[in-house]
Amino acid sequence: MNLFSEYRNRIVDAVEELASNGDLPHELDTSRISVEPPRDASHGDLATNAAMVLAKQAGMKPRDIAEMLVTGLRAQSEISAAEIAGPGFINMRLDSVAWYAVLAEILRRGQAFGASDMGTGRKVNVEYVSANPTGPLHIGHARGTVFGDALAALLEKVGYDVCREYYINDAGAQVDALARSAYLRYREAHGEEIGEIPEGLYPGEYMVPVGQALAKRDGMKWLDEPEHVWLPEIREFSINAMMNLIRDDLSTLDVRHDIFTSERSLVEMGKVDDVLENLEGRGLIYTGVLEPPKGKKPDDWEARPQTLFRATDFKDDVDRPLKKSDGSWTYFASDIAYHRDKYVRGFTDLIDVWGADHGGYVKRMVAATDAVTEQGARLDVKICQIVRLLENGEQVRMSKRAGNFVTLRDLVDEVGSGVVRFIMLTRKNDAPLDFDLAFVREQSRENPVFYVQYAHARCHSVMRMAADEVPEIDTATEALQGADLSQLTDEAELALIKTLAAWPRTLESAAEAHEPHRLAFFLLEVASAFHGLWTKGSRENPSLRMVRNDAPELTRARLGLARATQIVIASGLAIFGVEPVEEMR
RNA sequence: GCGCCCGUAGCUCAGCUGGAUAGAGCGUCGGCCUCCGGAGCCGAAGGUCAGAGGUUCGAAUCCUCUCGGGCGCGCCA
């Protein structure tokens, strides 16, 4: 149950009733009516803009409409107050009973609280990571990985049918370079002195075992053969080795994709030819000459006729090339086929998670998707900005020299999967992120992961304490469902309940915007409300202690609140893929 | 030169898709430990939302321009 959408429905009903009574005109557009928590809590629990939105089309003053609505709202039993404020807002205050009902619902539904059918089972494809199979994942990949994974979980939570997908770029020149690198390591494994790895190949140490494995499997077989003989097989072998490496890296973050789609297989199945034939038939492909890019002209630029896609018909800035000068397809061409393929597989909502360096590619991909699905699918590309790795504010340099970069695995080993995942989600995806290692090792308020986990651990702690001090209380969730929640009358207690009650709404808006970071801020808010309540009982007002051996019924109600807090935090962390901790001594 | 993203407190960032007096953490200053985990909490000071126009009942949010920063700009992915 989303409290806010429920009350929105009530308002819309009220408007329709007034219309049928003749107090308001018929067929008003109610779509812009919203019900939100007011910015200032002193204004109440819910606020609606209904009167202001309707004023113009009804040809009436906002306050007159508000007046009529308020009369109806006041008659509803859970609404303890309804007032008109400012230019025509209606502020409503809910009776405590309504809040106890939400709390009871949390205890009843557990982590399913907040789940919804907003997505109505629509098929969403989230493509993320998709790193080239040319080496282990590094820190730059970590953010998109975590982001995509959390977004997928979030969409699942609100009722989408989600597929997590990885696109393997195994068809370009880069995997040929990979094969040559493997071949050198293969010779090396046979005792040959290979010297410096040439420019353009992959010099990383991680290629050494690939060469050794090849030598072990194939013996001397390739030593005296020319490149065209060994390249396809060694390429295949190397790609598999790299994908195993990458899958391994992903598993350190507990990331598991449903599908790995190979670019090469798309090409081999003729899907690129098919889709381009289709575009050709629709007159969206032509041969032309592009203007040179201004300002930064490549040295070797020369005007040349190319096979171009009419991207400008779909809001892109220029038409885009589909063929390289050697006659093979560009990455873009196979990517068009790939996105078409996703659509053919039944996905109408496509999400791609890319790194910042691909930002310039978004328009053409959206254009191509529009073209190739004839507006049947919508592509949303989420760009993840760079992560700066810091140690006490000092940038940790990732030296690419000798393939010596900081790997994702290094980072996870250093701070743990949960920390990596949470921190990566504490910023909006398109804002740069500072990841300070010293910070996340710290156990304090400044470390958001700790702060949230601490609140969760405290919830458990209070249960353990209760079992000791008031043994007659059963702390199982089912037992706490029977607590008399109306005993929770302190302002801080109600404030915490109200915060928890916003969880379904937070989930829905985060899912709609494709912005999982909102959950991180929500969890911090919950933790803050809980810590505040805790300290209030601990320091200022002992009567607010959660465990009171002199008041078992009250204690039961408070444990119910603590359990609900724990449930909501745990379900938020679950979407992030972070294990909630029960103890942190 | 063009495109995309960004610009909010001294610092790091939120701001719920256009709502009311713009919020939080850090830092600064001042408080709270006989008792559920002080790894925490409470309070104060701190703002021309980069700037200028526009749209409307109403703009940090939408549009235009200017300034500043990041990323990208045919045959790499």
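A note on names: the letters A, B, ... follow the listed sequences, proteins ahead of strands, and every chain is numbered from 1.
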Heavy-atom neighbours of A/E472 CD exceed 12 at 6.0 Å: yes
Touch class at under 4.0 angstrom, heavy-atom based, for A/F522 against every strand present: nothing
Any A/W534 side-chain N or O less than 4.0 Å from OP1/OP2 of B/rG38: yes
Out of B/rG37, B/rC26, B/rC76, whichever nucleotide has its closest atom nearest the side chain of A/Q174: B/rC76
B/rG19 versus B/rU34 - spacing of their C1' atoms, nearest Å: 50 Å
Spacing of the P atoms in B/rG70 and B/rU55 (rounded, Å): 35 Å
Could you write out each protein N or O paired with an N or O of nucleotides 30-32 of chain B at a distance under 3.5 Å?
none

Check: A/E582 and A/C459 side chains under 4.5 Å, non-hydrogen atoms: no
Sugar-phosphate only, base, or nothing, as touched by A/P321 at under 4.0 Å among non-hydrogen atoms: sugar-phosphate
Touch class at under 4.0 angstrom, heavy-atom based, for A/A356 against every strand present: sugar-phosphate
Sugar-phosphate only, base, or nothing, as touched by A/R545 at under 4.0 Å among non-hydrogen atoms: base
Touch class at under 4.0 angstrom, heavy-atom based, for A/A466 against every strand present: nothing
Sugar-phosphate, base or nothing in reach of A/N169, heavy atoms under 4.0 Å: sugar-phosphate
Closest-nucleotide 5' rank along RNA chain B - winner of A/E36 and A/K363: A/K363
B/rC16 base / A/S509 side chain donor-acceptor hit below 3.5 Å: no
Distance, P atom - from B/rU8 to B/rU12, rounded to whole angstrom: 8 Å
Axial cation check for A/F530 ring with A/R458, 6.0 Å and 45° limits: no
Syn/anti state of B/rC33 by chi, 90° boundary around 0: syn
Nearest-angstrom distance, C1' atom, B/rA24 to B/rC41: 15 Å
B/rG1 versus B/rU61 - spacing of their C1' atoms, nearest Å: 30 Å
Sugar-phosphate, base or nothing in reach of A/G355, heavy atoms under 4.0 Å: nothing
Centroid distance under 5.5 Å and plane angle under 30°, A/H43 vs B/rA20: yes
Paired stretches of RNA chain B - 3 or more consecutive Watson-Crick or G-U pairs, each distance under 3.5 Å: B:1-7 with B:67-73, B:10-13 with B:23-26, B:28-32 with B:40-44, B:50-54 with B:62-66
Whole-Å gap separating C1' (B/rC35) and CG (A/L544): 15 Å
A/L178 and A/R235, any side-chain heavy atoms less than 4.5 Å apart: no
Spacing of A/K498 atom NZ relative to B/rC16 atom C1', expressed in whole Å: 18 Å
Residue-phosphate contact under 4.0 Å: A/Y451 side-chain N/O, B/rC41 OP1/OP2: yes
Residues A/E391, A/R441: salt bridge by 4.0 Å N-O rule: yes
Check: A/Y451 and A/H531 side chains under 4.5 Å, non-hydrogen atoms: yes
Rounded interatomic separation in angstrom, taking CD from A/Q385 and C1' from B/rG72: 11 Å
Assigned glycosidic conformation for B/rU55 [threshold 90° from 0]: anti
Donor-acceptor pair under 3.5 Å, A/R304 side chain vs B/rC75 base: yes
Ring centroids of A/F89 and B/rG19 base under 5.5 Å with planes under 30°: no
Donor-acceptor pair present, A/R505 side chain and B/rC16 base, under 3.5 Å: yes
Interatomic distance at C1', B/rG58 relative to B/rA20, whole Å: 9 Å
Sugar-phosphate only, base, or nothing, as touched by A/Q443 at under 4.0 Å among non-hydrogen atoms: base
Heavy-atom check, side chain of A/D352 versus side chain of A/Y167, under 4.5 Å: no
Aromatic plane relationship, A/Y361 with A/F332 - under 30° parallel, 30 to 60° tilted, over 60° perpendicular: perpendicular
Between B/rC4 (C1') and A/I386 (CD1): distance, integer Å: 15 Å
Selected nucleotide, minimal atom distance to A/H531 side chain, candidates B/rA77, B/rG40, B/rG19: B/rG40
Pair A/R558 + A/E493, salt bridge at N-O below 4.0 Å: yes
Donor/acceptor link under 3.5 angstrom from A/N91 side chain onto base of B/rA20: yes
Note: A/R464-A/D468 ion pair, threshold 4.0 Å (strictly below): no
C1' atoms of B/rG72 and B/rC11, separation to the nearest Å: 29 Å
Phosphate contact (B/rA39 OP1 or OP2) by A/S444 side-chain N/O below 4.0 Å: no
Between P of B/rG40 and CZ of A/F530, the distance in whole Å: 14 Å
Selected nucleotide, minimal atom distance to A/K324 side chain, candidates B/rG40, B/rG19, B/rC75: B/rC75
Heavy-atom side-chain contact between A/R143 and A/Q385 under 4.5 Å: yes
Sugar-phosphate, base or nothing in reach of A/M52, heavy atoms under 4.0 Å: base
Letter per nucleotide, 5' to 3', of nucleotides 7-14 of chain B [B base touched, S only sugar-phosphate touched, - untouched; heavy atoms, 4.0 Å]: -----SSS
Touch class at under 4.0 angstrom, heavy-atom based, for A/V547 against every strand present: base
Side-chain ion pair, A/K324 and A/D326, N-O less than 4.0 Å: no
Side-chain heavy-atom pair A/T48, A/L69 within 4.5 angstrom cut-off: no
A/H141 and A/H138 aromatic ring geometry - parallel, tilted or perpendicular at 30°/60° bounds: tilted
A/F147/A/Y128 aromatic ring centres below 6.0 Å: no
SB check A/E553 A/R556 (cutoff 4.0 Å): yes
Out of B/rC57, B/rG37, B/rA24, whichever nucleotide has its closest atom nearest the side chain of A/R445: B/rA24
Touch class at under 4.0 angstrom, heavy-atom based, for A/G172 against every strand present: sugar-phosphate
Residue A/D357, side-chain atoms from C-beta onward, closest of B/rG40, B/rC35, B/rC71: B/rC71
Proximal nucleotide (of B/rU17, B/rG40, B/rC6) relative to the A/D430 side chain: B/rC6
Pairwise 5' ranking along RNA chain B for A/G532 and A/L46, keeping only the more 5' one: A/L46
Residue-phosphate contact under 4.0 Å: A/R458 side-chain N/O, B/rG38 OP1/OP2: yes
Separation of the P atoms in B/rC5 and B/rC42, to the nearest angstrom: 38 Å
